2 protein chains.
Amino acid sequence: METTTERRPTDRRKQVLEAASRSFAAFGYKATTMDQVAKTAGVGKGTIYTFFANKEELFEQIVKDLIAELKAVAERTLDPALPFADNLLNILQRVLAYRDRHGLVVKLSQEVKEFGTPMANGGLESVERSIIAYIAGHVSAAIEKGELRASDPSLTAYMMLKMYLALTAEGGHLHTPLDGERVLASFRFYCLEGLAVR
Amino acid sequence: METTTERRPTDRRKQVLEAASRSFAAFGYKATTMDQVAKTAGVGKGTIYTFFANKEELFEQIVKDLIAELKAVAERTLDPALPFADNLLNILQRVLAYRDRHGLVVKLSQEVKEFGTPMANGGLESVERSIIAYIAGHVSAAIEKGELRASDPSLTAYMMLKMYLALTAEGGHLHTPLDGERVLASFRFYCLEGLAVR
DNA sequence: GAATTGACTGGAATGTTATTTTGGTCACTT
DNA sequence: AAGTGACCAAAATAACATTCCAGTCAATTC
């Protein structure tokens, strides 16, 4: 694997990635054609196959880049001075908002609902798993710092994401959608404080 | 041509419901035909339309009957001597197990995944809403008895169901499935006790 | 004459075949 | 060596033919 960005007269790999990124976000997985990507990138189709074994690998690289973006948003949001709960809420809010505004995610979600494209579904799951893994890391740290009760960090992170998404009504229209303030308050209530009387 | 099933002219409506129930459970909504129901019920097709305006209404009646069954299971499970949390867990466990073993629900779920049949989806949502409403009633009572902290009972019931389902891994294969004991313990932990240190 | 029936209908679903599209290759050019 | 685009088989899509089915209603039964 080539290490860093060598200065080539024309960095074809980057051109391909750029064109593919735009195309996947605009048309989804299956409606993106390799011919189209090649033409948009100003590159012969064969060239794409010198960098990526096939369409799937190209797509996976695009998803990886998106995950890196999300991680960057999270890191930018993180404030070590704040308690865990505040950071968690801020990160969930910012990262999920960014995700839901990102063309690729929006398009892939639509594609999964409409056609059930397995590759699109896999991409979204990959993003979700990464978010859970990221949160799990911080849950781990919070437990060690005594900011959270002991638990399986991975399961806890999964539950946190599920609860947050349930509140933001992505799942079903089974309750009246809450505004941002109520989402935060409810999440604190249900996830952190618990329903038992104390 | 007909094995001598005794004909009770007054029973026609019941015969239709019985045949429809079996057919919807065996073949789902769209693969069930009115001709088939009529033949199975030993009744002319026109007769069905004297009791039900159309296929949708017939289906809705079948779903209503299922909901009544689930409510009966819940009532049978309920033990007024037990604290709220125990009843909640018992009821969720029994009702959802019954639901997941019920032919109609299983078939409709498959149909939604495979074809996205709107009527099948509506039926399942109807069942889910009924479960939430039922739990919400008991949440309300538990709050008044001081067994639960104050909250919106309907939202709380919704969250309880979502959390329970998240733990039983119906949603996604994003965490290793838990056995029955762990589901109960985790539900108590995440939903009732909360993650905050105390 | 009220209750019941099943042949009938049109619009939708499904099967079938013809045509086009597209992921991937590779002989050729630069 | 790096890059290209015409080419190919397989898959997707379109076009058309056929079957299916929810709902109706004139005829039949009791």
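In what follows, every chain begins at residue 1, and chains take the letters A, B, ... in the order their sequences are listed. As the structure is a prediction and not an experimental result, all values here were calculated from the model.
Note on B:Lys39: every side-chain N or O is 4.0 Å or more away from OP1 and OP2 of C:dT5. Note on A:Thr33: every side-chain N or O is 4.0 Å or more away from OP1 and OP2 of C:dT22. Side-chain nitrogen and oxygen atoms of A:Arg12 include none within less than 4.0 Å of the OP1 or OP2 phosphate oxygen of D:dA2. OP1 or OP2 of D:dT4 has at least one side-chain nitrogen or oxygen of A:Thr47 nearer than 4.0 Å.
Remark: P of C:dA27 and NZ of A:Lys45 are 16 Å apart, rounded to the nearest angstrom. Rounding to whole angstrom units, CZ of residue A:Phe27 and P of C:dG23 are separated by 13 Å. Taking atom CZ of residue A:Phe115 and atom C1' of nucleotide D:dA12, one finds them 12 Å apart after rounding to whole Å. Residue B:Tyr49 contributes atom OH, which lies 13 Å from atom P of D:dC25 at whole-angstrom precision. The distance between atom CG of B:Asp35 and atom P of D:dC21, rounded to the nearest whole Å, is 8 Å. Taking atom OH on B:Tyr29 and atom P on D:dA22, their separation rounds to 8 Å, with Å as the unit. Separating the CG atom of A:Leu58 from the P atom of C:dG24 is a distance of 10 Å, rounded to the nearest angstrom. One interatomic measurement links the two molecules: CZ of A:Phe24 to C1' of C:dG23, which rounds to 12 Å at whole-angstrom precision.
The closest side-chain donor-acceptor pair between B:Gln36 and B:Ser23, if any, does not fall under 3.5 angstrom.
A cation-pi arrangement is not found for A:Lys14 relative to A:Phe51, the charged atom failing to lie both closer than 6.0 Å to the ring centre and inside a 45° cone about the ring normal. A cation-pi contact, defined as under 6.0 Å to the ring centre and within 45° of the axis, is absent between A:Lys145 and A:Phe84.
A donor N or O paired with an acceptor N or O is not found under 3.5 Å between the base of D:dG23 and the side-chain atoms of B:Lys55.
In terms of position on DNA chain D, the residue among A:Gly46 and B:Thr32 whose nearest nucleotide sits closer to the 5' end is A:Gly46.
Ion pairing between B:Glu114 and B:Lys107 fails under the 4.0 Å rule for side-chain N and carboxylate O. Using a cut-off of 4.0 Å between Lys/Arg side-chain N and Asp/Glu carboxylate O, A:Glu18 and A:Arg22 are scored as salt-bridged.
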